[in-house]
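This structure is a prediction, so every number in the text was calculated from the model and none was measured. Values below: every heavy atom of this structure, side chains too, minus hydrogens, waters and symmetry copies. Both counts, for ligands and for their atoms, begin at 1 and track the order of listing.
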Amino acid sequence: ADTPVVTIDGPGGAGKGTISRLAAQRLGWHYLDSGALYRLLAMAAQRRQIALDDERALAALARQLDIRFGTGNDDSVWCDGEEVSAFIRTEQAGSHASLVAAIPAVREALLQRQRDFCQPPGLVADGRDMGTVVFPEAPVKIFLTASAEERAERRYKQLIAKGIDVKIGDLLADIRARDERDTQRAVAPLRPAEDAYSLDTTCLSISQVLDIVINKVQERV
Ligand code: C5P
């Protein structure tokens, strides 16, 4: 429990993934992309024809699913021995993830698997409930936000850069629906931990946000 953890929570599209990955690199720490676990679970369930509201089957799958992540610069994700990062990064995979993520038994089943990522010399944990539920003792907790419009715009630029054709209005509607589901659910809803440092990134660059996060870590660890 002496291994330091930085939790980075917030709504989708606030830049958690980018910032967490860069912070982990800068610190030389491990990185947990907890959203990828929910995305993988939803994908694997569909491949097995398990319905996304079948609580028992989903919880069992969450416990035994073969999941591996690349380390360092390698952001590949492996499930059942197959590289699946392209499948789990779609908007649809995100929506499906937020359905399975609302099921208490699924969250319970993934709890220990997430804690197992906490290995020396440290961990940067990215998600919705890292500071509130999974790593409540973390010495540094950050809550990243940005306006829904700004988040839709960032997502839009990312997708267009990848050659994926999307409408910004659809992205905004999607972001609002996912925010609603993530903040209103009964179990582990999206909210800042009481001791979290909230940072609105709407008008900040990636490197500005990264510097603030690294400074917080140096202050407290
Ligand atoms: O962060 P990402 O967009 O990959 O997460 C996908 C979905 O997984 C979120 O919308 C949320 O419903 C769920 N999630 C969660 N708890 C986490 C991480 C993700 O409920 N710690």
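With a heavy-atom cut-off of 4.0 Å, Arg89 does not touch ligand 1 at all.
Salt bridge annotation for Arg26-Asp211: present, with a cationic side-chain nitrogen under 4.0 angstrom from a carboxylate oxygen. Remark: Lys216 does not engage Asp195 in a salt bridge, criterion side-chain N to carboxylate O under 4.0 Å. With respect to the salt-bridge test (charged N to carboxylate O, under 4.0 angstrom), the residues Glu149 and Arg176 qualify. By the 4.0 Å N-to-carboxylate-O rule, Arg68 lies close enough to Asp66 to be salt-bridged with it. Classification of Asp179 and Arg151 as a salt-bridged pair holds, one side-chain N sitting under 4.0 Å from a carboxylate O. Using a cut-off of 4.0 Å between Lys/Arg side-chain N and Asp/Glu carboxylate O, Arg47 and Asp80 are scored as not salt-bridged.
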Leu199 vs Leu204, side-chain contact (heavy atoms from CB on, under 4.5 Å): CA-CA, chis, key distance, verdict:
CA-CA 10 Å; Leu199 187 57; Leu204 297 177; 4.1 Å; yes
Candidate pair Leu111 and Val133, rule side-chain contact (heavy atoms from CB on, under 4.5 Å), full reasoning
CA-CA 9 Å; Leu111 199 53; Val133 177; 4.1 Å; yes
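Which parts of ligand 1 touch Gly127 is read off a 4.0 Å heavy-atom cut-off, strictly below it: atoms 18 (C), 21 (N). Close approach to Met130 involves these atoms of ligand 1, each under 4.0 Å from a residue heavy atom: 21 (N). Taking every non-hydrogen atom of Ala97 and a distance limit under 4.0 Å, the qualifying atoms of ligand 1 come out as 6 (C), 7 (C), 8 (O). Residue-ligand proximity, Lys16 to ligand 1, at heavy-atom distances under 4.0 Å covers atoms 1 (O).
For atom 6 (C) of ligand 1, the closest heavy atom belonging to the protein is Arg178 NH1, 3.6 Å. Ranking protein heavy atoms by distance to atom 4 (O) of ligand 1, first place goes to Arg39 NE, 2.6 Å. Counting protein heavy atoms only, atom 16 (N) of ligand 1 is closest to Arg107 NH2, 3.0 Å. From the protein, the heavy atom lying nearest to atom 18 (C) of ligand 1 is Ser34 OG, 3.4 Å. Among protein heavy atoms, atom 19 (C) of ligand 1 sits closest to Gly35 CA, 3.5 Å. Of the protein's non-hydrogen atoms, the one nearest atom 13 (C) of ligand 1 is Ala101 CB, 3.6 Å. When hydrogens are left out, the protein atom nearest atom 12 (O) of ligand 1 is Asp182 OD1, 2.7 Å; that is the closest non-hydrogen contact. When hydrogens are left out, the protein atom nearest atom 1 (O) of ligand 1 is Arg128 NH1, 2.9 Å; that is the closest non-hydrogen contact.
Tested against Phe117, the residues Tyr31, Phe135, Phe69 include a single ring-ring contact (aromatic ring centres under 6.0 Å, His included) partner, Phe69.
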